[in-house]
Each structure stands twice: as C-alpha cells, then as structure tokens.
Amino acid sequence: LLFTNDSFRKKWVAKVKNPMVKHFWEKEFSNTTDFTKRELLPYLCSKYGQFSNSSVMRHIIGQSRSKINFKTLINEKKIFLASLSKGLIGELNSQLLGMLLITKLLLSSLSQADIAAHERIPFTLFIDEIQNFTIGQNRSHAAGMNQSLTTLISEGRKYGLSLVMVNQFFTQLPLDIQDAIMGN
C-alpha cells in the first residue's frame, strides 16, 4: 500500500522519524513517474515476496520492534541460540536471518566503544556453516553484503568479541571473508 495508495502512504510517512526515510518517500518517491512506480513495484515484490510468503518469516521480519536486545544479551552474559536450518525455513530465509543477526551483533559489539576496554564484557559468537551467511563472489553486491561479517572479524575483538566460525572448506568462503580471517 505504501507504493500504490497515496493517502495510506501520507498517513504513515507522517509518522516516520528517520529523516532519510522521510526524504525518500516525500521527495524521491513522490517525484517518480507513474510508469517507474509501476515498474518498481513488481521488482520489489519479487525480492521481498520470497521472504514474506513464509508465515515463519513474516512473523520474524514483520515485527515493528525486535524482541531481542543483543546489547542486553552481551551485558547480562546470556546465551542466544538461533536455529537457521535451511531444511526448516529455506535457504534464502536462512541466509537473510543469518546476515541480519550478524549485523545486529556487529552493531551491539561496536556500541561497546563507549565502555573502557578493561570494563567490556567479553562474549563469543559461534557460527556453524559460516558459508551460508556470506554472499559469494559470483553474485552482485557481494562486497556490500559481506561487509558486516568482515567488520565483525576484523574489529570485533577490540570490543570483546571472540568468533568461532565453522565450515568444511576454506574455499567455500568468498575472498573478502577469507582475507579477513587470514588477516585477523
């Protein structure tokens, strides 16, 4: 409805607090021709549809607020387990959730920058089948999609993060991830 119903869009955009998001909807999208909007909608739906067609995924990514506070998990030394079995939720869904979790953990790690190094709470992230949460070189946008993981590998230890990453063959990993592992 954000793309097709002007009154619905105006109602919800009025509530948006992020200036970049607000700018997109009020300036960029509003100035887009109807032809471009008609072309854009099927493209976006085809990309998002693979995740929203699953009731499990809709309930996970469709929440207005995350119920998981990773900074609290770290600070209270909690254990968080996520089963991202491709057999249960599908390969693309598993990959999306894995990358979202990695990004959330990265942001929580980096948020410890305001804590003195000796006061930071150490924590460990175990990732089994790490290649499932990376984008290979043969796909477009590979470098951008792997950026969170390479940053986590290269900068995480400064913030108390230890990583245990498991897979069968090193060559299963994209070159940028291999470089980050070997360099750190």
Side-chain angles (χ1 to χ4, degrees), residues 2 18 21 42-113 120-184:
L2 283 170
N18 183 312
V21 173
Y43 173 79
L44 291 172
C45 289
S46 73
K47 300 300 178 203
Y48 180 72
Q50 58 196 351
F51 305 116
S52 64
N53 288 338
S54 161
S55 64
V56 171
M57 290 300 288
R58 264 196 321 277
H59 286 89
I60 294 171
I61 62 175
Q63 300 300 312
S64 59
R65 240 176 243 184
S66 175
K67 302 277 189 228
I68 304 166
N69 184 324
F70 288 99
K71 191 164 184 173
T72 300
L73 288 172
I74 293 167
N75 292 339
E76 295 179 5
K77 301 179 182 180
K78 301 285 184 179
I79 295 173
F80 174 78
L81 298 173
S83 175
L84 302 177
S85 170
K86 292 188 281 186
L88 295 175
I89 61 174
E91 185 172 359
L92 285 173
N93 292 337
S94 175
Q95 189 176 43
L96 172 71
L97 289 177
M99 289 189 298
L100 288 173
L101 289 172
I102 288 169
T103 300
K104 293 291 276 183
L105 282 164
L106 169 64
L107 294 173
S108 297
S109 298
L110 297 178
S111 73
Q112 294 202 85
R120 293 180 186 148
I121 297 169
F123 65 103
T124 303
L125 171 62
F126 294 85
I127 306 174
D128 190 19
E129 304 290 349
I130 186 67
Q131 76 280 358
N132 292 332
F133 309 113
T134 64
I135 303 293
Q137 294 87 269
N138 59 339
R139 298 188 194 169
S140 60
H141 311 303
M145 295 299 280
N146 290 338
Q147 189 61 48
S148 291
L149 186 55
T150 57
T151 302
L152 202 63
I153 293 167
S154 62
E155 296 187 29
R157 70 178 178 282
K158 290 188 279 190
Y159 303 104
L161 171 66
S162 298
L163 282 168
V164 176
M165 300 177 293
V166 181
N167 76 325
Q168 286 77 27
F169 303 102
F170 197 61
T171 55
Q172 289 175 297
L173 299 173
L175 292 176
D176 56 340
I177 303 296
Q178 288 181 30
D179 290 344
I181 291 170
M182 294 306 291
N184 291 281

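This structure is a prediction, so every number in the text was calculated from the model and none was measured.
Although no hydrogens or angles enter the test, the distance criterion places a donor-acceptor pair under 3.5 Å between the side chain of Ser111 and the main chain of Ser108.
Gln168 is linked by a side-chain hydrogen bond (donor to acceptor under 3.5 Å, both in side chains) to Glu129, counting only residues two or more places apart in sequence or in another chain. Taking the ring-ring contact (aromatic ring centres under 6.0 Å, His included) definition, one finds that Phe123 meets it with nothing, sequence neighbours left out. Partners of Ser66 by side-chain hydrogen bond (donor to acceptor under 3.5 Å, both in side chains), not counting sequence neighbours: none found. Not counting sequence neighbours, the partners of Asn167 by the side-chain hydrogen bond (donor to acceptor under 3.5 Å, both in side chains) test are Gln172. For Thr124, the side-chain contact (heavy atoms from CB on, under 4.5 Å) test picks out Phe126, Ser162, Val164, with sequence neighbours left out. Qualifying side-chain contact (heavy atoms from CB on, under 4.5 Å) partners for Ala82, counting only residues two or more places apart in sequence or in other chains: Phe80, Leu84, Leu101. For Thr72, the side-chain hydrogen bond (donor to acceptor under 3.5 Å, both in side chains) partners at least two apart in sequence or on another chain are Asn69. Partners of Lys158 by side-chain contact (heavy atoms from CB on, under 4.5 Å), not counting sequence neighbours, listed by chain and number: Glu155. Asn75 meets the side-chain contact (heavy atoms from CB on, under 4.5 Å) test with Lys71, Gln112, Ile121; sequence neighbours excluded.
Under the ring-ring contact (aromatic ring centres under 6.0 Å, His included) criterion, no residue pair touches residues 159-184, with sequence neighbours excluded.
Taking all atoms of both residues into account, the shortest heavy-atom contact from Asn132 to Lys86 is OD1-NZ, 3.4 Å. Across all their heavy atoms, Ile153 and Ala180 have their closest contact at CG2-O, 3.4 Å. When all heavy atoms of Gln178 and Thr171 are compared, the closest pair comes out as NE2-CA, 3.7 Å.
Once rounded to the nearest 0.5 Å, the distance linking CD of Glu91 with OG of Ser85 reads 11.5 Å. Atom-to-atom distance recorded for Ile74:CD1 and Leu161:CG is 7.5 Å, nearest 0.5 angstrom. Interatomic distance, CG of Asp179 versus CG of Asn184, reported as 10.5 Å (0.5 Å rounding). Rounding to the nearest 0.5 Å gives a distance of 12.0 Å between CG of Leu106 and CZ of Phe70.
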Give the C-alpha distance, both sets of side-chain angles, the deciding distance and a yes or no for side-chain contact (heavy atoms from CB on, under 4.5 Å) between Leu173 and Met165.
CA-CA 11 Å; Leu173 299 173; Met165 300 177 293; over 6 Å; no
Using side-chain contact (heavy atoms from CB on, under 4.5 Å), reason through Ile60 and Leu97 one step at a time and then give a plain yes or no.
CA-CA 9 Å; Ile60 294 171; Leu97 289 177; 3.7 Å; yes
Could you go through Ile177 and Thr150, starting from their C-alpha distance and side-chain angles, then the distance that decides it, and tell me whether this counts as side-chain contact (heavy atoms from CB on, under 4.5 Å)?
CA-CA 6 Å; Ile177 303 296; Thr150 57; 3.5 Å; yes
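Between Ile102 and Leu152 there is a side-chain heavy-atom pair separated by less than 4.5 Å.
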